[in-house]
Student: 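What follows is a single structure, and I will ask about it in a moment.
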Amino acid sequence: MLEEVERWLDRRSWSVADRPLERILAAKRNTKVSVVLPALNEEATVGDIVAVIRRELMSGAVPLVDELVVIDSGSTDRTAEVAAAAGARVVARDAILPRIPAVPGKGEVLWRSLMVTTGDIVCFVDADLREFSADFVSGIVGPLLTDPDVDFVKAMYDRPFGDTPGQGGRVTELVARPLLNLHWPQLAGFVQPLGGEYAARRSLLERLPFPVGYGVELGLLVDALHTVGLDALAQVDVGVRKHRHQDGLALGRMAAAIYRTAQLRLSRGHLVRPRLTQFERGEKGFEPRTYAVDTEERPPMAEIVEYARRRVA
């Protein structure tokens, strides 16, 4: 590990206990905090997450979060209804920036969320978390409120796989961590580079391009490094993350999208074949299934006319 990264780990890696809520609230002053949950068919978990944030971080005694928005990206279950009943403002992905046709993908939802939130700090939280703790929000928002030199904060945590501790994050260990260590060694200190829980200043997010799909976490992390430098990035230990795990084929598609995101940032050049073929056993033996790899990115939100007009207004 680079000496620079070792110093960074001492200087920019914290525990949620390092910043009590009282200290965070005292530092908040007039800073507005928005929490965004991207959601697709998450009726089983989204309501509990919203309820915890409303109860523990949006009360008169603890007014940390000013805005809680669930962006529904086309759910066919009761995600929107459950989230609204729990107290979130629910916005349909396709209702945001209708001039630009929406494409599937988590990054697309996060990018569009900048248009319908107003916080100076934007905190993203995945909607499939179980046994959710408010620490996931306060832990990563805290450094942004107490340290003006920090612009981007990732959550770090244990990721059990079923009943086995420490075995989650398979794409992280097999794809993302090797890519970062080989090509962006300054980012080798991040424990969960692909984690979906992170917060950043709007002034940074609006300057970054957003990969529309699974590559969004790696893309934002790499681009944040190049935009504001390593010392403006940080991570906070928030405990244990429990969520729904993807099957092996879905992980393969995720890995391909992440590799493509890295490749684009390495070369900004030509992608030869943005397709991934996988195999599933069918009635006639193994049958090929070919999927498109995410190849689209949204430009920095600051370049979007509607966003610029909103800022002026």
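Nothing fancy with the numbering, it's 1 onward along the sequence. All figures in this text were calculated on a predicted structure; none of them were measured in a lab.
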Student: Determine whether a donor-acceptor pair (N or O, by modelled atom type, separation under 3.5 Å) exists between the side chain of W111 and the backbone of P299.
Tutor: yes

Student: State, with a plain yes or no, whether a side-chain heavy atom of R54 is found less than 4.5 Å away from one of V65.
Tutor: no

Student: Is a side-chain N or O of T79 found less than 3.5 angstrom from the main chain of S75, in a donor-acceptor match?
Tutor: no

Student: For the backbone of V305 and the side chain of R310, can you confirm whether one donor and one acceptor N or O come within less than 3.5 Å of each other?
Tutor: no

Student: Give the intermediate values and the outcome of side chain to side chain contact (heavy atoms under 4.5 Å, CB included) for residues L225 and F152.
Tutor: CA-CA 9 Å; L225 171 69; F152 187 98; over 6 Å; no

Student: First locate atom CD of E297, then atom CG of L264, and finally report the distance between them rounded to the nearest 0.5 Å.
Tutor: 5.0 Å

Student: Would S138 and L64 count as a side chain to side chain contact (heavy atoms under 4.5 Å, CB included) here? Give the steps.
Tutor: CA-CA 8 Å; S138 61; L64 179 63; 3.9 Å; yes

Student: Taking NZ, NE, NH1 and NH2 as the nitrogens, is one of them in R177 or E173 under 4.0 Å from a carboxylate oxygen of the other?
Tutor: yes

Student: Test your reading of the model: is there a side-chain donor-acceptor pair from T117 to the backbone of G119, 3.5 Å cut-off?
Tutor: no

Student: In the structure I gave you, are the side-chain heavy atoms of I71 and L37 within less than 4.5 Å of one another anywhere?
Tutor: no

Student: Return the NE2 to CZ distance between H183 and R265, rounded to the nearest 0.5 Å.
Tutor: 13.5 Å

Student: Has the side chain of T45 got a donor or acceptor atom that lies under 3.5 Å from a matching backbone atom of A127?
Tutor: yes

Student: Measure the CG-CG distance between L187 and L179 for me, rounded to the nearest 0.5 Å.
Tutor: 11.5 Å

Student: Check whether the ring centres of W8 and F190 lie less than 6.0 Å apart, and answer yes or no.
Tutor: yes

Student: Are the side chain of S15 and the backbone N or O of A17 linked by a donor-acceptor pair below 3.5 Å?
Tutor: yes

Student: Quick one, E67 with R89, criterion salt bridge (Lys or Arg N to Asp or Glu O under 4.0 Å). Give me CA distance, side-chain angles, the key distance, then yes/no.
Tutor: CA-CA 8 Å; E67 188 175 45; R89 176 162 66 96; 3.1 Å; yes

Student: Got a donor-acceptor contact below 3.5 angstrom from the S59 side chain to the V62 backbone?
Tutor: yes

Student: So, for K106 and G196, which heavy atoms are closest and what is the spacing to 0.1 Å?
Tutor: NZ-CA, 3.7 Å

Student: Give me the atom names and distance for the closest heavy-atom approach of D72 to A80.
Tutor: OD2-CB, 3.7 Å

Student: What I want to check is whether the side chains of Q192 and Y157 have a donor and an acceptor closer together than 3.5 Å.
Tutor: no

Student: Drop me the distance from D126's CG to E217's CD, to the nearest 0.5 angstrom.
Tutor: 6.5 Å

Student: Take atom OH of Y259 as the centre, draw a 6.0 Å sphere, and report whether it contains more than 12 heavy atoms from other residues, nucleotides or ligands.
Tutor: no

Student: Counting C-beta onward and ignoring hydrogens, is there a side-chain heavy-atom pair between L233 and R12 closer than 4.5 Å?
Tutor: no

Student: Ignoring hydrogens, what is the shortest heavy-atom contact between I258 and Y214? Give both atom names and the distance.
Tutor: CG1-O, 3.9 Å

Student: Thinking salt bridges, do E306 and R99 make one under a 4.0 Å N-O criterion?
Tutor: yes

Student: When rounded to the nearest 0.5 angstrom, what is the spacing between CG in L2 and CD in Q186?
Tutor: 7.0 Å

Student: Identify the two heavy atoms, one from V240 and one from F136, that lie closest to each other, and give their separation to 0.1 Å.
Tutor: O-CZ, 3.4 Å

Student: Who else is in V191's hydrophobic cluster (ILVMFWY, side-chain heavy atoms under 4.5 Å, direct or via others)?
Tutor: M156

Student: Do F124 and L205 come close enough that some side-chain heavy atom pair is under 4.5 Å?
Tutor: yes

Student: Report the C-alpha separation of E197 and L129 in whole Å, then their side-chain angles, then the decisive distance to 0.1 Å, and conclude whether the side chain to side chain contact (heavy atoms under 4.5 Å, CB included) test is met.
Tutor: CA-CA 10 Å; E197 290 69 48; L129 302 187; 3.8 Å; yes

Student: Taking D66's backbone N and O only, do any of them form a donor-acceptor pair with K32's side chain (distance below 3.5 Å, no angle check)?
Tutor: no

Student: Working to the nearest 0.5 Å, report the span between OG1 of T172 and CG of L251.
Tutor: 10.0 Å

Student: So, are R11 and D231 salt-bridged, with charged N and O less than 4.0 Å apart?
Tutor: yes

Student: Kindly indicate, with the supporting measurements, whether the criterion side chain to side chain contact (heavy atoms under 4.5 Å, CB included) is fulfilled by V36 and V109.
Tutor: CA-CA 10 Å; V36 173; V109 177; 5.7 Å; no

Student: Would you please test S73 and R112 for side-chain hydrogen bond (donor to acceptor under 3.5 Å, both in side chains) and show each step?
Tutor: CA-CA 11 Å; S73 56; R112 288 174 185 264; over 6 Å; no

Student: Please report the shortest heavy-atom distance between V90 and A84, naming the atom on each side.
Tutor: CG2-N, 3.7 Å

Student: Are E303 and R207 within salt-bridge range, i.e. N to O under 4.0 Å?
Tutor: no

Student: Could you tell me whether R201 and D151 make a salt bridge, using a distance below 4.0 angstrom between a side-chain N and a carboxylate O?
Tutor: yes

Student: Same hydrophobic cluster for L266 and L221, using side-chain heavy-atom links shorter than 4.5 Å among ILVMFWY?
Tutor: yes

Student: With salt bridge (Lys or Arg N to Asp or Glu O under 4.0 Å) as the criterion, how do R298 and E108 come out once you've worked through the C-alpha distance, each side chain's angles and the decisive distance to 0.1 Å?
Tutor: CA-CA 7 Å; R298 293 307 191 186; E108 178 82 355; 2.7 Å; yes

Student: Between K28 and D120, does at least one N-O distance fall below 4.0 Å, as a salt bridge requires?
Tutor: no

Student: With no hydrogens and no angle check, is any side-chain donor or acceptor of S113 less than 3.5 Å from a backbone partner on L110?
Tutor: yes

Student: How far apart are the closest heavy atoms of L204 and L208, and which atoms are they?
Tutor: O-CG, 3.4 Å

Student: For the pair S13 (side chain) and Q235 (backbone), establish whether a donor and an acceptor sit closer than 3.5 Å, ignoring hydrogens and angles.
Tutor: no

